[in-house]
Every structure is written in C-alpha cells, then in structure tokens.
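Reading through the structure tokens given below for one structure.
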Amino acid sequence: MKPEIKLHDKTFVPFIPYEKVCEAIDTLAEKINADYKDTTEPPVILCILNGSIMFTGELMKRLDFDCELVSMKVSSYDGIESTGKIRQVMGLTGSLRGKKVIITEDIVDTGNTIDALVSIARSEGAADVRICSMLLKPDVYKKTIPIDYVAMSIPNRFIVGFGLDYNELGRNYKDIYVLKSE
Ligand code: IMP
Ligand code: MG
C-alpha cells in the first residue's frame, strides 16, 4: 500500500488492505453460495456501475452457481457528498423480468441509492430482489430495507479505492484508502 495518495485536491491514507477485502468477500461468497445452492433458475447479478465493478468481479469469481450478469449505471455523489438525488445514467443491459436479482453495490451510505435501485428492479419485473454491498456505513444508513449481504461495515468516513472514487479518480487502487483528516 502507498503511504498516501493524492486525488484532485485531497489526500488519502491506507485504510483496508486488499487482502482484508478479499477475506471479507470470501466469507460473503460462502453465505451467498449456501443461500442459492438449490436455486434452479439462474439469478441475475445486477452490477451497479461504476463503483461496484471491482467488487462484482471479485465476488462473481467465488460464486459456484449459474448466474447472469446485468449492469446499470446510477449516480448520486458529487465530490465527497451524497446529493440524495439518484440519476439513472445508463439503463439496464439485460432483462430482470421474472428473475431473482442480487444487486451488487460498492457501498451503502444513506441508502438513497439502494432504495431507488430496489424500486427500479421491482418495476422491471424482478421476482425477488436482494441487496449485496461490499461496504456499509451503519451510522449513516437511515432506510428500513434490510441489506441482505454486507462484506464489511465501516465508520462514517470518505474512502476511495477498489472501485470507489473521489470525482472519478481512485477506482483503480486495489487497497482502500480513507480521506486524511486535517
Ligand atoms: P447513498 O445513496 O447515500 O447510500 O450513497 C451510495 C453511493 O454513494 C455509493 O454507490 C457510492 O457511489 C457513493 N459513496 C458513498 N460513500 C462513499 C465513499 O465513502 N466513497 C466513495 N463513494 C461513496
Ligand atoms: Mg456506487
């Protein structure tokens, strides 16, 4: 891990190493594999671009049941603040009709995004919708819908890496970094 990284005007320091992220994803995948082992119709993994792309890839490598992959792109963050408004930037790349859907997200913060995504999945005819997030900020989450699968919970800090960005930079780092407190 680098001692620090600079993205735009901000500095980030090491927070969660790649190895720890992978261990948490191992455990999560075991749980999902157990829950879906008897499913006959292949579920759809719904990857929420761009943030979830690395997590979805890392998770899917560990899933041992047949599944499809569909993506869509939404945006709610501007800089380091959640705007609360969810914009659908790119539509679904495949059908969810009648499918069991597992939404894979990078991080659940206020829950506004996941709330909107569940509504979209239901309105697209999904038979069942579950939420799977690599990270959760439990102190900020203010919705009532349960997050079915979470790899790790973190405090209310702004992070980058492993798919997560600060104004589109930082997604490529495999370790997770946190905004340096001034
Ligand atoms: P929510 O709608 O407030 O739950 O925000 C969820 C979305 O905001 C995530 O999918 C991320 O794209 C983004 N986000 C939330 N927290 C962070 C963070 O700490 N770093 C980078 N992006 C974040
Ligand atoms: Mg995201």
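Ligands are counted one by one from 1 in listed order, and the atoms in each one are counted from 1 as well. The analysis underlying the following values was restricted to heavy atoms, covering all of them including side chains, and did not include hydrogens, waters or symmetry mates.
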Numbered atoms and elements of ligand 1 in range of [X], under 4.0 angstrom, heavy atoms:
{"X": "Asn112", "result": "2 (O), 4 (O)"}
{"X": "Thr110", "result": "1 (P), 2 (O), 3 (O), 4 (O)"}
{"X": "Thr113", "result": "1 (P), 2 (O), 5 (O), 6 (C), 7 (C)"}
{"X": "Lys137", "result": "16 (N), 17 (C), 18 (C), 19 (O)"}
{"X": "Glu105", "result": "10 (O)"}

Could you tell me whether Ile159 approaches ligand 1 through its side chain, its backbone, both or neither, with non-hydrogen atoms closer than 4.0 Å?
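Answer for Ile159: both.
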
Applying a 4.0 Å heavy-atom criterion (strictly less than), which segment of Arg157 is in contact with ligand 1: side chain, backbone, both, or neither?
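The answer is the backbone of Arg157.
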
Please walk me through it: do Tyr36 and Phe65 pass ring-ring contact (aromatic ring centres under 6.0 Å, His included)?
CA-CA 7 Å; Tyr36 286 84; Phe65 52 89; 5.4 Å; yes

Short side-chain donor-acceptor distance under 3.5 Å, Tyr18 and Glu23:
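Checked: Glu23/Tyr18 side chains show no N/O donor-acceptor pair below 3.5 Å.
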
Under 4.0 Å between a Lys/Arg side-chain N and an Asp/Glu carboxylate O for Glu4 and Lys6?
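Here Glu4 pairs with Lys6 in a salt bridge, since their nearest N and O are under 4.0 Å apart.
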
Salt bridge between Lys137 and Asp139, side-chain N to carboxylate O under 4.0 Å?
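Judged by the 4.0 Å cut-off on N to carboxylate O distance, Lys137 and Asp139 do not form a salt bridge.
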
Contact with ligand 1 for [X], non-hydrogen, under 4.0 angstrom:
{"X": "Ile107", "result": "yes"}
{"X": "Asp165", "result": "yes"}
{"X": "Ile114", "result": "no"}
{"X": "Gly111", "result": "yes"}

Gap between atom OG of Ser52 and atom CE of Met134 - 0.5 Å precision:
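Rounded to the nearest 0.5 Å, the CE-OG separation comes to 8.0 Å.
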
Can you tell me how far apart SG (Cys47) and CG (Leu59) are? Round to the nearest 0.5 Å.
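Going from the SG atom of Cys47 to the CG atom of Leu59 covers 10.5 Å.
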
Does any N or O atom in Val108 lie less than 3.5 angstrom from one in ligand 1, N or O only?
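The answer is no, given that Val108 and ligand 1 share no N or O pair closer than 3.5 Å.
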
For Asp35, what residues pass the side-chain hydrogen bond (donor to acceptor under 3.5 Å, both in side chains) criterion, not counting sequence neighbours?
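Checked Asp35 against side-chain hydrogen bond (donor to acceptor under 3.5 Å, both in side chains); matches are Tyr149.
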
side-chain hydrogen bond (donor to acceptor under 3.5 Å, both in side chains) against Asp165, all qualifying residues, sequence neighbours excluded
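Only Arg171 meet the side-chain hydrogen bond (donor to acceptor under 3.5 Å, both in side chains) criterion with Asp165.
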
